[in-house]
Structures are given as structure tokens and as C-alpha cells.
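Working notes, structure below.
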Amino acid sequence: MTARRVRTRIAPSPTGEPHIGNMYAALFCKAFAEEHDGQFILRIEDTDRTRYVPGAVQMLHDALTWLHLEPDEGPLTGGPFAPYTQSERLPLYHQLAEQLVTSGHGYYCFCTPERLAQLRAEQEARHEPSHYDRVCLHLSSAEVQERLRAGVPHTVRLRIPHEGSVTFDDKIRGTVTFDAHTLTDHILLKSDGYPTSHLAIPADDHLMEISHVIRAEEWLSSVPYYVLLYQAFGWQLPVFAHLPVLRNADRSKMSKRKNNTSVTWYRNQGFLPEAIVNFLALLGWSHPEGKEVFSFTEFRHLLTLERIVKSGPIFDTKKLEWMNGVYIRQLSVAELAERVQPFLETTTIERPYLERILPLVQERLRVLSEVSTALEPFVQDPDPTTLPFATAVKRVPLPELRQGLELATAALEQLITPDADQFEEHIRTLAAKLGWKAGDLFMGLRVAITGSSASPPLFAFCEAIGWERALHRLHAGIDALPTR
RNA sequence: GCCCCCAUCGUCUAGCGGCCUAGGACAUCACCCUUUCAAGGUGGAGAUCGCGGGUUCGAAUCCCGCUGGGGGUACCA
């Protein structure tokens with residue numbers, strides 16, 4: 001076997017939203033290719049015309065780009081092996097299929113879908129494995145020619161050897177063996193002239209000189225068919241590495257019914273691409289030193305296929321959220337301001353002001369979409385009628401709280417220039433004088449000024465919105481409190 | 001049914017025959033810090049390494065069986 005330059009690929013179907021599982025495979029493919037000075041290819045498997053969704057290719061490409069996993073070659077990127085869309089490669093598959101028929105590794109089949117469905121039903125009823133019964137294999141060449149001439153709809157099937165077994169090596173799973181008699185004569189070319197994946201995938205992997213097929217384990221059982229095909233054509237087999245499949249909480253394969261599988265959803269929620277990539281890298285793979293937070297570049301340097309685990313991990317959103325928080329906190333204020341922009345469309349906040357208040361909420365954000373809610377108190381005066389005084393300050397009766405806040409307000413107004421340190425001193429002595437816990441007075445002020453019992457540090461908040469405005473809110477809050 | 005893959009705390013995982021009375025991270029609980037929330041710090045609880053047999057002086061680590069889970073089984077990918 002000759003050493004080849006490293007070329008990896010993902011081959012998704014354009015059937016809808018870009019799936020997180022595809023991105024997972026893309027991450028390993030991209031990292032592996034890039035680390036070995038190879039190429040990462042995006043190829044579109046659109047041979048099932050019934051499931052095609054317009055715009056899906058663009059979304060796929062956008063998702064990859066957003067995650068910084070852009071392909072080196074692909075339908076929207078171009079490349080020396082174009083076209084990268086299977087529906088544009090039909091003549092290639094026809095030629096290959098014919099070649100197979102000629103060499104005896106394939107044959108024409110004229111069975112109708114109805115007959116095949118019935119056959120399958122019968123076999124299932126008898127608890128037999130579902131196998132094509134090969135009636136068309138035994139057609140004489142005269143009969144075949146006759147039907148071909150008559151234009152009878154037909155497919156091309158792969159002829160599986162009766163005896164022996166198919167063995168191949170998987171970099172993650174080791175040696176895998178299938179007995180030939182458990183395999184069936186799969187259709188390679190459909191009657192609509194499109195290939196099935198059983199033909200298109202190995203054909204394109206070969207033609208595009210893919211060296212490492214790194215993809216999800218759900219594909220493992222179709223590998224023996226590829227091996228047979230590679231042998232029939234005399235092609236050199238790529239290296240296989242089957243990644244574990246991502247799972248739902250109930251351990252079934254991750255699906256959109258039970259999980260958010262669309263990359264777009266995560267993007268709209270305000271997950272950072274770096275966080276998603278880091279999180280994904282931790283599913284099935286672990287840093288040799290046990291690190292949890294690391295960059296794509298570091299991942300790529302350290303990645304070896306042997307270190308990937310075999311069992312399918314559950315996609316744990318809780319950990320993703322934590323990871324996202326870590327990355328948000330690492331951002332500079334300017335960067336954060338930039339990233340937060342798409343989530344602030346309804347509120348207009350001047351950039352300088354935004355950069356002043358952002359540090360106060362930064363460590364409280366888990367996802368970017370929380371930013372508008374988090375920033376609201378900085379922009380919008382609270383509604384005095386709904387202030388949660390009663391639940392936030394349980395130890396002090398409301399009329400007394402009102403008096404306390406009035407005294408605090410007076411103290412604040414007495415300051416020539418409002419100053420956080422001085423004000424805090426006043427608040428503490430005032431609390432002591434009243435016989436309150438300082439926290440209760442602070443909480444009363446907080447509720448009046450921020451409208452909530454949870455907020456960034458009170459005085460930093462006041463400085464951000466301006467003392468005058470804080471005073472204004474204080475007065476409004478006090479007015480909402482009962483006098484007796 | 002048949003084929004293939006898999007099996008360590010709730011979750012992600014470390015572990016590749018003795019260093020394991022099984023380590024880390026998320027989540028969870030407590031405490032500390034503290035004007036609240038968050039962040040951070042410390043500590044706790046949490047895994048008879050799915051079960052049963054072997055092999056070995058010695059097994060989470062190797063072998064076999066069972067059980068459980070997942071995937072595949074299409075003129076889907």
C-alpha cells in the first residue's frame with residue numbers, strides 16, 4: 001500500500017438544517033486533514049431526489065464556515081475534483097455500473113418495487129434476514145437484452161460472492177468481519193438513473209482520492225459493500241475510522257425530535273462556535289493531559305484516531321452551556337460587543353455605552369441571547385408597580401423599608417458629587433443605626449434601582465446608568481412603597 | 001428475526017496487568033468570598049468498573065459466555 005496525501009471528507013445530504021452530527025464528523029475530518037497538510041472536502045450526496053431541500057447546501061456551507069471548519073474543496077468552493085455534487089456526476093456512475101456488469105460483479109435487475117416489498121414482507125414473516133432472491137441474476141443474456149431494448153425499468157445490483165467473508169480494518173474499532181452470506185445484492189443504480197450511496201460513496205471516495213473515511217458509526221455496516229466494490233475495480237481502499245454516534249438522553253441516535261440538532265439553532269441561541277467545537281471535541285475524544293478547554297489548533301495537533309472512544313456519547317447541553325460561559329468570559333469587551341450585536345436588534349444601545357455596561361453582565365451570560373434581558377435594566381427604567389420588594393426583603397416591613405430608603409436617598413442627595421465608596425459608607429452606618437442587616441438596605445435599594453433582586457454590583461450599576469438616573473428610579477421606587 | 005458495534009460516577013471521560021482504598025470535568029450539595037446574582041475558591045456525596053466464568057502471584061485493564069444499549073437491515077443517506 002502506498003502512502004497517500006491525506007484527504008478527508010464529509011458527505012451530507014442536503015435534506016434540511018445542518019445537523020450537529022455532521023459538524024462533529026467535520027471537526028475530526030478537518031482537524032485530521034489540516035494537521036497532515038491535507039485537504040478537507042465537502043461533497044453533497046443528493047442522489048435521493050425525494051428528500052432534496054433547496055438552500056440546504058448553502059446552509060451546510062454557512063454552518064461549516066461559522067464553525068471555522070470550512071472545506072478546502074466543495075460545491076461552493078470548487079476544486080480539482082469538481083463537480084462535488086453527486087447529481088452532477090451521473091455519467092460517471094453509469095459508466096462504473098456498466099463496467100461492473102461487464103466484469104460480472106454486477107447485474108441488471110427488473111424486479112418492481114412492489115415485488116421487492118412483498119419479498120421483504122415474506123422474509124420478515126418467516127424471521128429470515130432480508131435478502132434479494134436473485135431471480136434477475138439467473139436471467140439469460142438474451143432475456144436481459146430483450147428487456148433492456150423494450151425499455152423495462154431496471155436497476156443494477158452488486159453481485160455478492162456466496163462464500164467467504166469480508167474483513168476490513170477500522171482505525172477506531174479494529175478488525176471488523178462480515179460473513180458474505182449475511183450480505184445482500186444491493187442496488188447500486190436506481191431505476192431513475194441515480195446511484196445509491198452504495199455506489200456513489202465508494203466511487204467518489206476513490207475518484208476524489210479520499211485517503212481517510214472518517215464518519216459516523218451508523219455507516220459501518222455498509223463498509224463491506226464498499227470493500228467488495230473496491231476489489232471489483234481494483235482500487236486502493238481508504239483508511240476507515242468510524243466515529244461514535246451522538247445520542248439523545250435516552251441513548252437513541254441524536255434526532256431532532258428529541259434534541260436540538262440544527263447548528264442554526266445553537267447559533268441563534270448564542271452559542272459561540274469556539275465553544276461548540278471545543279465541546280464536540282470532548283465527545284469521544286479526550287485531551288492527553290485531561291484539559292477541558294482548548295482551541296481547535298491545539299486539538300488538531302493532539303488528535304489521533306486511536307484516542308477516539310467507541311461508545312456513543314450523550315449530547316449533554318448542560319456541559320455545552322458551561323463551556324459557552326467559559327468562552328464568553330474569555331472575550332474582550334470589544335469582541336463581546338461585536339458578537340452580541342445580532343442579539344440586540346430590538347434595542348439600540350450606543351456602542352460606547354454598550355462597552356461600558358457589558359463587563360457588568362459578561363460573567364453572568366451563558367448564551368449570547370440572554371444579553372438583551374441582562375441589559376434591559378441598564379436601558380429601561382423599571383415599572384414601579386411591579387417591584388419585588390416584598391419577596392426580596394422579608395425581614396423589614398414595607399413601610400419601614402420605605403423610611404430606610406428615604407433616609408438613604410437623602411444621604412445620597414447630600415453628597416456633592418455622588419461617589420460609590422462614600423455612599424456605601426453612608427448605607428452601612430445607616431443600616432447599623434436602623435438595626436438592620438446591611439444586606440436588607442442594599443437589597444431595598446437594588447430592587448428600586450434595578451427592578452430586580454438579582455443584579456450586577458449595585459454601585460457599579462449606578463455609575464453605569466448615572467447617579468442622577470439612579471436617584472430618579474429610587475424616588476419612583478419609594479413612591480410605590482406603602483407609608484403604613 | 002438477522003448482521004455489526006459498544007459497556008468505568010446522573011452525564012462527558014482518564015485508565016491500555018500491579019502506581020486504583022478508580023482520577024478529572026459538567027451537573028448536584030455544603031461552606032468560603034460577598035450588598036444580591038454570577039464568577040471564583042474549598043470540601044462532600046456520587047462507579048460493588050453491567051453480570052458470570054476463566055487466564056494470572058495479581059484484572060477496570062486479557063479471553064469466553066450472558067445481559068443490556070446502540071446502529072444497520074430500502075430503487076434513504
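Below, each value reflects all heavy atoms present in this structure, side chains not excepted, and no hydrogens, waters or symmetry copies. By convention in this document, chain letters (A, B, ...) are assigned in the order of the sequence lines, proteins followed by strands, and residues within each chain are numbered from 1. Since we're looking at a predicted model, the values are computed, not measured.
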B:A27 and B:C20: how far apart are their P atoms, nearest whole angstrom? 27 Å
Under the criteria of a ring-centre distance below 5.5 Å and an interplanar angle below 30°, is A:Trp322 stacked with the base of B:C26? no
Looking at A:Thr184, I'd like to know whether one of its side-chain N or O atoms comes within less than 4.0 Å of OP1 or OP2 on B:U73. no
So, does the side chain of A:Arg364 form a donor-acceptor pair with the base of B:C37 at under 3.5 Å? yes
Is the phosphate of B:A77 approached by A:Ser197 (side-chain N or O, under 4.0 Å from OP1 or OP2)? yes
Both distances below 3.5 Å, Watson-Crick or wobble geometry, any strand: find the nucleotide opposite B:C51. B:G65
Does A:Arg446 have a side-chain nitrogen or oxygen under 4.0 Å from the phosphate oxygens OP1 or OP2 of B:U34? no
Ring-base stacking, A:Trp219 with B:G72 (5.5 Å, 30° cut-offs): no
N or O in side chain of A:Ser286 less than 4.0 angstrom from B:A14 OP1/OP2: yes
May I ask you to evaluate whether A:Lys319 reaches the phosphate of B:G10, defined as a side-chain N or O under 4.0 Å from OP1 or OP2? no
Distance check, P atoms only: B:C49 and B:C19, in whole angstrom units. 15 Å
For B:G1, give the paired nucleotide (Watson-Crick: N1-N3 plus N6-O4 or O6-N4; G-U: N1-O2 and O6-N3; both under 3.5 Å), or none. B:U73
Distance below 4.0 Å between A:Arg215 side-chain N/O and B:G71 OP1 or OP2: no
Same-atom distance (P) from B:U42 to B:C33, integer angstrom: 15 Å
